[in-house]
Protein chains: 2
Amino acid sequence: MTMSDVARHAGVSRTTVSFVLNDKPGAAIPEETRRRILAAIDELGYRPNAGARALAANRSGWFGLITEIVTGPFAGEVITGAQSRAWGDRRFLLIAASEGDPAQEAAALDQMLEHRVEGLLYATTWHRAVTLPKAAREVPTVLVNCYDAEGELPCILPDEVSGGYKATRRLLDAGHTRIGFINLDPAIPAAIGRREGYERALREAGITPDPSLVVPGWATADSAYDAACELLDRPAADRPTALFCANDRMAMGAYDAIKERGLRIPHDVAVVGFDNQELIAAYLRPKLTTLALPFEAMGTKGVDMLAALAAGQPLDTRRVTIDCPLLERSSV
Amino acid sequence: MTMSDVARHAGVSRTTVSFVLNDKPGAAIPEETRRRILAAIDELGYRPNAGARALAANRSGWFGLITEIVTGPFAGEVITGAQSRAWGDRRFLLIAASEGDPAQEAAALDQMLEHRVEGLLYATTWHRAVTLPKAAREVPTVLVNCYDAEGELPCILPDEVSGGYKATRRLLDAGHTRIGFINLDPAIPAAIGRREGYERALREAGITPDPSLVVPGWATADSAYDAACELLDRPAADRPTALFCANDRMAMGAYDAIKERGLRIPHDVAVVGFDNQELIAAYLRPKLTTLALPFEAMGTKGVDMLAALAAGQPLDTRRVTIDCPLLERSSV
DNA sequence: ACACGGAAGTAACGCGCGTTATTAAAGCGC
DNA sequence: GCGCTTTAATAACGCGCGTTACTTCCGTGT
């Protein structure tokens, strides 16, 4: 089934069919002819060949998306966001997982370039600096949830500071004044940003941040359990009445520590998480109030920027931050 | 950068370059010529144009993969499995999410057909029957984690029965004889299969299954919490010493019920889950022993079958079941 | 000397389509 | 009747490549 078949069946030339299919401006096609052609397409069940079209028009319609891991809960959201925005534009995503292996990453990039992607989205699981293989320079590239050390590439990042601020603010609004913060590895951007937001919220409320209420938790439930124990076992007058956990897994550990002590959530101790890992946050008991990382929005925005870049338009901002919405559940 | 450029630069014809690139059997290319051509490719940084190649060879190299939701923890695994198998074959996956919306599904399918996919993988989030849009008949199709009511299409399913069997068997081996089973909606294939395995294991151990030990849990942590309470509050002599939960979220609820009663896991009550939702199973305290749904393997197998189908080979089996491995952690 | 076979290489066609001339017919004013 | 514009439609080229059929050159056997 090719365009020629349609043309023959409709009694016109292939060119005319092409004009109709592409709504070519300036081509005067009488309604009657157009109708005949569309009817032929319908009868024959003709489908344009996307590959041939791309070759002739010199526009592949592909964007590449490289992620570290597709298995995790986040990559899926980026894909969802990017897809929904891309398909609407009749653009398509060539997705690859590097599994953190530079060789696979390079191979994926090669394949993408052979497919003549018009742009590249590079997404990481957690917010950090990356360095791309230099083949990535051959095509417009946007970083998602990461940034390049040289600061040359446009990137899209979650607004960690406002996230930390909102979490803390929520607890302050609920009347808490001694708020423990179980943080991540203090060296990573998420930990730095969230802490900054945490402290800003406290200061705004007239409270001087107490460094002893901030303990690192190394991202696991176990370590957060230990950290929570440390905070909860302080003398009663000094014990925090709320815990802000820098991710949901750690909130899970904190829950255990709280429950073990016969304390109730949120009655005795309120908890706010971060990341909104659905499987955890929505099924913990009580359900966890947490901040969502805006992966889907980041994916969408990424395609937006890529589309602009691919069209040769300049970017208004090279470093975009996206807000982390607070999801109210039952732990505050 | 086209093949003609390479040819000119190497002082040969484009045909010769093509022969070298494709290792054309029967083409006698002296080592010296081949070397010159490869050198030219390298110097010019030439990359073959996958689209043009597909057009000329009449082989798109694409497989389509339609899932309901990419966000969930499972779709990612299917993608990973399928990708790893496909890329090795220089085949590529055009991925689309239907979001459960028939319109989106149809649109995705259309796009895939326009891209001339050589095969279609259709994967669902949970094991059940589906009916495909009929456009899917235009191309070899394999169902993953689902089956069509008419039984016409080849499908790949998790072995629910052996999963239920292995879970129960593990508890029996640990010395338990009264094993409660918190099941899913009794009408779905997973519930039916897992229960069958559960009962078979009991009978094999000389134990007559007690229907009152089997309670439905409706897939949520809350409902499983209630179900677990019901089982644990039975008279001591009659109380189960182990719980088999038909998914990990429900195990999460069961944990709460157990801990609330001052019972210890696995000391007083052992627990086995199902699904291996990493975020839950690996972070519950103690970590949850559970059965993994073999999504990655299913994805891989799917591409295998599709490749065979696309090559015109007949399938050895039209209904493949794949084993669910038991992951030992600390809850038994 | 000639026929012959293989080695080395190429011209030319076609894949399905977008696009740019170019043509043919029709309408219009005088 | 003749020029001129507008409308409707098409022939023909090229996108980058795989592939077939063909040519040229050289060594070998008789």
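A note on names: the letters A, B, ... follow the listed sequences, proteins ahead of strands, and every chain is numbered from 1.
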>> Tell me the interatomic distance from B:Lys24, atom NZ, to C:dA7, atom P, rounded to whole angstroms.
In response: 16 Å
> Could you give the CG-to-P distance, from A:Leu21 to C:dG18, as a whole number of Å?
Replying inline: 7 Å
>> So for the helix from C:dA1-D:dT30 to C:dC30-D:dG1, with five pairs setting each end axis, what is the inter-axis angle to 10°?
In response: 60°
> Parallel, tilted or perpendicular: which fits the ring planes of B:Trp87 and B:Phe92, with parallel below 30° and perpendicular above 60°?
Replying inline: perpendicular
For residues 109-116 of chain B, dump all side-chain donor-acceptor pairs below 3.5 Å to protein atoms at least two apart in sequence or in another chain.
from	atom 1	to	atom 2	distance (Å)
B:Asp110	OD1	A:Arg47	NH1	2.8
B:Arg116	NH1	A:Pro48	O	3.4
B:Arg116	NH1	B:Leu113	O	2.9
B:Arg116	NH2	A:Arg47	O	2.8

> For the atom pair CG (B:Leu65) and CG (B:Leu120), what is the distance rounded to the nearest 0.5 Å?
Replying inline: 8.0 Å
>> To the closest 0.5 Å, what do you measure between CG (A:Leu121) and CG (A:Asn145)?
In response: 11.5 Å
[X]: partners by side chain to side chain donor-acceptor pair (under 3.5 Å), with sequence neighbours left out:
X	result
B:Ser13	B:Thr16
B:Glu105	B:Tyr122
B:Trp126	none

> Going 5' to 3' along nucleotides 7-17 of chain D, which nucleotides have protein heavy atoms under 4.0 Å from the base (write B), which only from the sugar-phosphate (write S), and which from neither (write -)?
Replying inline: -SSBBB-BBBB
> Would a 4.5 Å heavy-atom cut-off, applied to side chains only, mark B:Asn49 and B:Arg53 as touching?
Replying inline: no
